[in-house]
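All values below were derived from every heavy atom in this structure, side-chain atoms included, with hydrogens, water molecules and symmetry-related copies excluded. Residue numbers count from 1 along this sequence.
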Amino acid sequence: MVQNCTWLFGRGASIANGLTWAVPEEWKDDLSIGLVSRDQHVGLITAAIRQEMDQPSVHLRAYRYLMDFFPTKMMDKSHHRLITTNWDYLLQRQVERWIQHNAGGVAPRFLSTHGTVYHLNGSVE
């Protein structure tokens with residue numbers, strides 16, 4: 001019997017992997033009082049997140065542990081769907097690295113999304 005599991009990751013997952021950046025309060029104020037447009041605001045956030053994702057403090061250990069856990073501790077016919085509410089693409093980055101290193105570039109059967117991570121709120125990728 002196939003067992004399906006949907007994993008939903010939020011802000012805590014990014015923090016666990018070393019990405020602690022948050023939108024500065026003054027940026028929020030600039031948007032709310034109309035100093036910048038929504039598109040400008042999103043552009044600032046996108047650039048900042050991309051830069052922060054490449055900092056040495058971002059390590060992906062928690063996501064790596066999760067990816068190593070799936071094939072060794074789960075039922076043989078279990079399938080996992082990965083969803084995040086974060087704009088960063090740390091989870092996607094780790095899934096792709098894991099697939100290249102451990103599965104010869106082919107997404108393993110336990111990933112029901114064929115290596116794709118769904119982003120509920122969009123992504124800066």
Side-chain angles (χ1 to χ4, degrees):
M1 181 166 123
V2 175
Q3 299 289 321
N4 294 309
C5 183
T6 299
W7 297 78
L8 179 62
F9 300 92
R11 176 106 174 93
S14 294
I15 293 169
N17 286 285
L19 182 63
T20 59
W21 185 86
V23 177
E25 284 302 318
E26 60 270 15
W27 290 11
K28 296 175 189 176
D29 295 341
D30 289 348
L31 179 63
S32 65
I33 61 175
L35 290 178
V36 296
S37 69
R38 182 181 187 289
D39 288 343
Q40 291 169 317
H41 186 69
V42 168
L44 288 169
I45 293 170
T46 298
I49 290 174
R50 286 179 178 157
Q51 182 178 359
E52 290 297 317
M53 286 177 54
D54 291 330
Q55 295 301 313
S57 59
V58 177
H59 48 72
L60 303 179
R61 282 190 294 265
Y63 285 147
R64 191 174 317 117
Y65 175 80
L66 178 71
M67 291 303 299
D68 288 340
F69 179 83
F70 284 147
T72 60
K73 305 292 185 209
M74 296 297 195
M75 297 173 56
D76 282 343
K77 294 187 179 185
S78 60
H79 294 147
H80 302 274
R81 179 178 299 120
L82 307 175
I83 302 172
T84 181
T85 61
N86 301 325
W87 282 20
D88 68 68
Y89 48 94
L90 296 176
L91 178 57
Q92 183 69 49
R93 182 185 283 176
Q94 182 55 36
V95 167
E96 291 169 358
R97 286 179 183 171
W98 192 94
I99 290 170
Q100 287 301 318
H101 184 262
N102 295 286
V106 178
R109 185 181 67 225
F110 66 80
L111 288 175
S112 66
T113 57
H114 306 290
T116 299
V117 173
Y118 294 108
H119 291 262
L120 293 181
N121 295 329
S123 173
V124 299
E125 187 173 30

- Task: List the steps, then state whether side chain to side chain contact (heavy atoms under 4.5 Å, CB included) holds for L120 with F9.
- Result: CA-CA 10 Å; L120 293 181; F9 300 92; over 6 Å; no
- Task: Apply side-chain contact (heavy atoms from CB on, under 4.5 Å) to A16 and list each qualifying residue two or more places apart in sequence or on a separate chain.
- Result: A62
- Residues in side chain to side chain donor-acceptor pair (under 3.5 Å) with N86, at least two apart? S14, T84
- Message: So L82 and T116, do their side chains get closer than 4.5 Å, heavy atoms only?
- Response: no
- Message: Just to verify, what does A48 make a side-chain contact (heavy atoms from CB on, under 4.5 Å) with, not counting sequence neighbours?
- Response: W21, W27
- Applying side chain to side chain donor-acceptor pair (under 3.5 Å), name anything that partners R81, two or more places apart in sequence or on another chain. T6
- Rounded distance [0.5 Å steps], CG in L44 versus CG in D30: 8.5 Å
- Query: Residues in side-chain contact (heavy atoms from CB on, under 4.5 Å) with T20, at least two apart?
  - Reply: I15
- Task: Share the residues that join I33 in a hydrophobic cluster, the rule being Ile, Leu, Val, Met, Phe, Trp or Tyr side chains under 4.5 Å apart at the heavy-atom level.
- Result: L35
- Results of side chain to side chain donor-acceptor pair (under 3.5 Å) for T85 - residues two or more places apart only: none
- For the residue pair F70 and H80, does the interplanar ring angle fall in the parallel (under 30°), tilted (30 to 60°) or perpendicular (over 60°) class? parallel
- Message: Show every side chain to side chain donor-acceptor pair (under 3.5 Å) that has at least one partner inside residues 31-43, sequence neighbours left out.
- Response: S37-Q40
- Query: Mind checking what makes side chain to side chain donor-acceptor pair (under 3.5 Å) contact with E25, not counting sequence neighbours?
  - Reply: K28
- Query: If Ile, Leu, Val, Met, Phe, Trp and Tyr residues are connected whenever their side-chain heavy atoms lie under 4.5 Å apart, and connections chain through other members, are I49 and V42 in the same group?
  - Reply: yes
- Task: Keeping to residues at least two apart or across chains, list the side chain to side chain donor-acceptor pair (under 3.5 Å) pairs with something in residues 89-99.
- Result: D54-R93, D68-W98, Q92-E96
- Item | L111-I83 co-clustered via ILVMFWY side chain contacts under 4.5 Å | no
- Query: More than 12 foreign heavy atoms under 6.0 Å from NE2 of H101: is that the case here?
  - Reply: no
- Query: Do V106 and I99 come within less than 4.5 Å of each other through their side chains, counting heavy atoms only?
  - Reply: no
- Identify, with sequence neighbours excluded, every residue that meets side-chain contact (heavy atoms from CB on, under 4.5 Å) alongside Q100. none
- Task: Look at the side chain of W87 and the backbone N and O of N121, then say whether any donor-acceptor pair between them is shorter than 3.5 Å.
- Result: yes
- Nearest heavy-atom pair of H119 and D88: which atoms, and what distance? CE1-O, 3.3 Å
- List, by chain and then residue number, the residues other than L31 in its hydrophobic cluster (Ile/Leu/Val/Met/Phe/Trp/Tyr, side-chain heavy atoms under 4.5 Å); write none if there are no others. V36
- Task: Look only at the side chain of N17 and the backbone of Y63, and say whether a donor-acceptor pair between them is shorter than 3.5 Å.
- Result: yes
- Item | hydrophobic_cluster_shared for M67 and Y118, side chain cutoff 4.5 Å | no
- N/O donor-acceptor pair under 3.5 Å between R64 side chain and H59 backbone: yes
- Co-membership, hydrophobic cluster, residues V23 and M53, 4.5 Å side-chain: yes
- Query: Taking a hydrophobic cluster as the set of Ile, Leu, Val, Met, Phe, Trp and Tyr residues connected by side-chain heavy atoms closer than 4.5 Å, whether directly or through intermediates, do L19 and W7 fall within one such cluster?
  - Reply: yes
